[in-house]
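No experiment lies behind these values; they were computed from the predicted model shown. This chain uses plain numbering: 1 for the first residue, then up along the sequence.
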Amino acid sequence: NSFVTRTNTCGELRAAHVGQRVTLYGWVQYQRQGLFLVLRDFQGLTQVIIPQDEAHSHVKELLSNAPLESVVRVTGTVAPRPQGQENPKMPTGDIEVKAETAEILNSCKKLPFEIKDFIKKSEALRMQYRYLDLRSSRLQGALRLRSRLVMRMREYLCNLHGFVDVETPTLFKRTPGGAKEFLVPSREAGKFYSLPQSPQQFKQLLMVGGLDRYFQVARCYRDEGSRPDRQPEFTQIDIEMSFVDQAGIQRLVEGLLQHSWPEERGSIVTPFPSMTYEEALAEYGTDKPDTRFGMKIVDISDVLRGSNIHFVQNALSYPHGSIRAICIPQGVRYLTNKDLGSLKESAKSQFNQEIMEIICRPDGSLKSLLTKFLGEKEQSELIQALNMQEGDVVLLAAGEHKQVCSALGALRLLSANLLEAAGLALRDPTAFHFLWVVDFPLFLPKAENPTELESAHHPFTAPHPSDVSLLYSDPTKVRSQHYDLVLNGNEVGGGSIRIHSAQQQRFVLEKVLKEDSEVLSHLIEALEFGAPPHGGIALGLDRLISLIVDAPSIRDVIAFPKSFRGRDLMGNAPDYVTPEELEPYHIQVSWPLEEKEAKKN
């Protein structure tokens, strides 16, 4: 309580304070019939007894008529609660404060919603009145945990391991490839700044500058349009080191998370397990596997290879064809026919993948359209390969390897959601399963033009040491030194060892990615002046915190987030500016016809 005029907070008074005269400040959370009120501040709640005697009638009138959420000052004496009226659910439940004087510092007008965690409020309303939503214990808890975690990270990196905290510019120039960047006009006609999607180039240049170890709680910007759980501006823990390899970065991050991990969330075990990109895709159908539960994808190509099933033989005739399946435990009990239909429809609409179901009956026999084409030996091998038990449901897919795995990976997660909604405990909500995914491809075919390549991570990622020669002969087969950190099926970090050779960087940009290297001439030139080998990582702070506190969205761990359409509903941004304000930037707005008419009206 240094620097302020209160003697105590609303969350700290205990039986040991009985008899003390205290001054509390806070918000009126609850008031009952002019007898008592509950005062709330950032730390907790205190029950305040409203005096009933004539001498304090003005105090009674003041506190009895104070609207909820008004800010008040109360001075009084701490007293024990009457026997039998203690509240063990409140840390201050053994005491109450008998008010002697009071002052309403600011009266509250009618609220748009009640400030209670259990009251359902629309997200739009919460964001419009974010300053009221911030009073909830849920949001307060998330923001305070976030602050503590970041402070512990600074301590680990700067105090224990010699990292230098450097602020990098927000106004820069566009980076080729990667996410779309926000443009900022300048007063030079036709010239624009870009808001960086990450401090990637700057942190590499700091390594060229000999700083050796850099760290920043970095603000980043991506103009990705409407995405449900993304923010146009977000925060990452940005790290770069010289003379380091992939294993060194991984050990650093494991130590960082172990040091900063909130005690109330249990401990995390290091080292984290590791899996290659190919293994993740083959077993989980995704590069960010949720390893809290089984239901892995199983390759049953060899089991069915000798069958006469047309679609099976057709799939296996292709170079990358395979037959794979997932086994849903107790699917007969927990999944309805409608559920199975929705799973099949999802695979068809999202991946253009047909799905066949197989049910294991109570007697151990199989029920499926496939069984009439399979002999007893094949059925037995199928049961053994998938470890099927009675009541299980198998979803089978045949076709191109990546498509089949991706479809089954999505169905694995959808099935888990359906099983849990039906009452089967599958994923422990208190468990934190970290996983490193490594050996990503360096390049991927572009979705809009598969004959061209784009960086799987970003254009500064170094090739795997074993695959350097392939970079010049067959770039599609090159693995990268890119690594992702996954937590409970969510990517919470990504990094790589960087290219530190100017010649190799120029080749990747010009020959492989067909990009104009002139845009990055400053970086390529810097690599020619004795750039050390270096690498780094960025941890997504918003995502990490949301997983730690089990928030439904990253918007629940950011003080002032944007809506999923990228709008600030509280301040109504983005907003229009006048032609006069645009004039110094040599910009004129060309209005669509319907907007012109709307502005006229």
Side-chain angles (χ1 to χ4, degrees), residues 228-229 265-266 268 272-273 275 277 279-300 323-351 353-360 368 383 385-397 402-437 484-492 543-544 546-554 556:
D229 207 20
R265 293 298 187 271
I268 52 175
F272 300 153
M275 184 183 294
Y277 168 81
E279 287 169 341
L281 188 66
E283 293 184 3
Y284 296 95
T286 176
D287 58 5
K288 40 180 185 286
D290 188 343
T291 56
R292 287 175 296 170
F293 69 106
M295 285 172 57
K296 289 185 185 179
I297 299 169
V298 179
D299 186 354
I300 52 171
I323 319 296
R324 292 179 182 256
I326 57 170
C327 182
I328 303 171
Q330 302 178 63
V332 171
R333 178 181 172 188
Y334 289 102
L335 300 183
T336 64
N337 286 335
K338 185 181 176 183
D339 290 335
L340 290 172
S342 73
L343 290 171
K344 290 180 180 179
E345 178 53 38
S346 175
K348 181 69 178 168
S349 60
Q350 287 186 52
F351 301 95
Q353 180 65 55
E354 296 288 349
I355 298 292
M356 186 79 69
E357 70 191 70
I358 306 171
I359 291 169
C360 187
S368 172
I383 290 168
L386 290 160
N387 193 23
M388 289 176 75
Q389 310 293 321
E390 62 178 73
D392 288 355
V393 173
V394 164
L395 300 181
L396 179 148
K402 191 169 183 180
Q403 178 181 305
V404 163
C405 291
S406 298
L408 289 175
L411 294 186
R412 174 179 178 268
L413 295 176
L414 289 172
S415 302
N417 292 341
L418 291 169
L419 291 174
E420 288 181 336
L424 180 65
L426 203 61
R427 294 169 287 200
D428 181 357
T430 65
F432 295 96
H433 285 220
F434 283 97
L435 171 75
W436 289 108
V437 179
D484 275 355
L485 182 61
V486 175
L487 172 58
N488 294 356
N490 296 269
E491 183 192 333
V492 292
R543 178 84 54 211
L544 180 62
S546 72
L547 292 169
I548 291 173
V549 302
D550 195 25
S553 162
I554 61 170
D556 293 307

Distance-only donor-acceptor hits, side chain of residues 407-425, under 3.5 Å, sequence neighbours excluded:
from, atom 1, to, atom 2, distance (Å)
Arg412, NE, Gly294, O, 2.9
Arg412, NE, Met295, O, 3.3
Arg412, NH1, Asp290, O, 3.4
Arg412, NH2, Asp290, O, 2.9
Arg412, NH2, Phe293, O, 2.8
Arg412, NH2, Gly294, O, 2.9
Ser415, OG, Leu411, O, 2.6
Asn417, OD1, Arg427, NH2, 2.6
Glu420, OE1, Arg427, NE, 3.2
Glu420, OE1, Arg427, NH2, 2.7
Glu420, OE2, Arg427, N, 2.8
Glu420, OE2, Arg427, NE, 3.2

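Without hydrogens or angle criteria, Ser346 side chain to Ser342 main chain gives no donor-acceptor distance under 3.5 Å. A side-chain donor-acceptor contact under 3.5 Å links Asp392 to the backbone of Gln330. A donor-acceptor pair is defined here as one N or O able to donate and one able to accept, closer than 3.5 Å; no such pair exists between the side chain of Asp550 and the backbone of Leu547.
With values rounded to the nearest 0.5 angstrom, Lys348 atom NZ is found 15.5 Å from Leu343 atom CG. To the nearest 0.5 Å, atom CG of residue Leu395 and atom CG of residue Leu340 are 7.0 Å apart. To the nearest 0.5 Å, atom OG of residue Ser368 and atom CG of residue Leu396 are 8.0 Å apart. For the atom pair Leu544 CG and Ile554 CD1, the distance stands at 12.0 Å (nearest 0.5 Å).
Here the side chains of Ile300 and Arg324 are not in contact, with every heavy-atom distance at 4.5 Å or above. In this structure the side chain of Ile358 reaches within 4.5 angstrom of the side chain of Met388, judged on heavy atoms. Under the 4.5 Å side-chain criterion, counting only non-hydrogen atoms from C-beta, Val437 is not in contact with Lys288. A 4.5 Å side-chain heavy-atom check between Trp436 and Leu485 finds at least one atom pair inside the cut-off. A heavy-atom distance below 4.5 Å is not found between the side chains of Thr286 and Leu281. When side chains are defined from C-beta on, Val298 does not count as touching Ile326, because their heavy atoms never get closer than 4.5 Å. Residues Phe432 and Asn488 have side chains in contact (heavy-atom distance under 4.5 Å, counting atoms from C-beta outward). Using a 4.5 Å cut-off on side-chain heavy atoms (C-beta onward), Ile328 and Leu335 make contact.
Across every non-hydrogen atom of Ala325 and Leu386, the tightest pair is CB-CD2, 3.9 Å.
Under a 4.0 Å N-O distance rule, the pair Glu491/Arg543 does not qualify as a salt bridge. Between Lys296 and Glu283 a salt bridge is recorded (basic side-chain N to carboxylate O distance below 4.0 Å).
Within the structure, salt bridge (charged side-chain N to carboxylate O under 4.0 Å, His left out) pairs that include any residue of residues 328-340 do not occur (at least two apart or interchain).
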Check: Under the side chain to side chain contact (heavy atoms under 4.5 Å, CB included) criterion, do Glu354 and Lys344 qualify, and how do the steps go?
Finding: CA-CA 7 Å; Glu354 296 288 349; Lys344 290 180 180 179; over 6 Å; no

Notebook entry, point to check: Where do Met275 and Tyr284 land on the side chain to side chain contact (heavy atoms under 4.5 Å, CB included) test, with the steps shown first?
Noted result: CA-CA 11 Å; Met275 184 183 294; Tyr284 296 95; 3.6 Å; yes

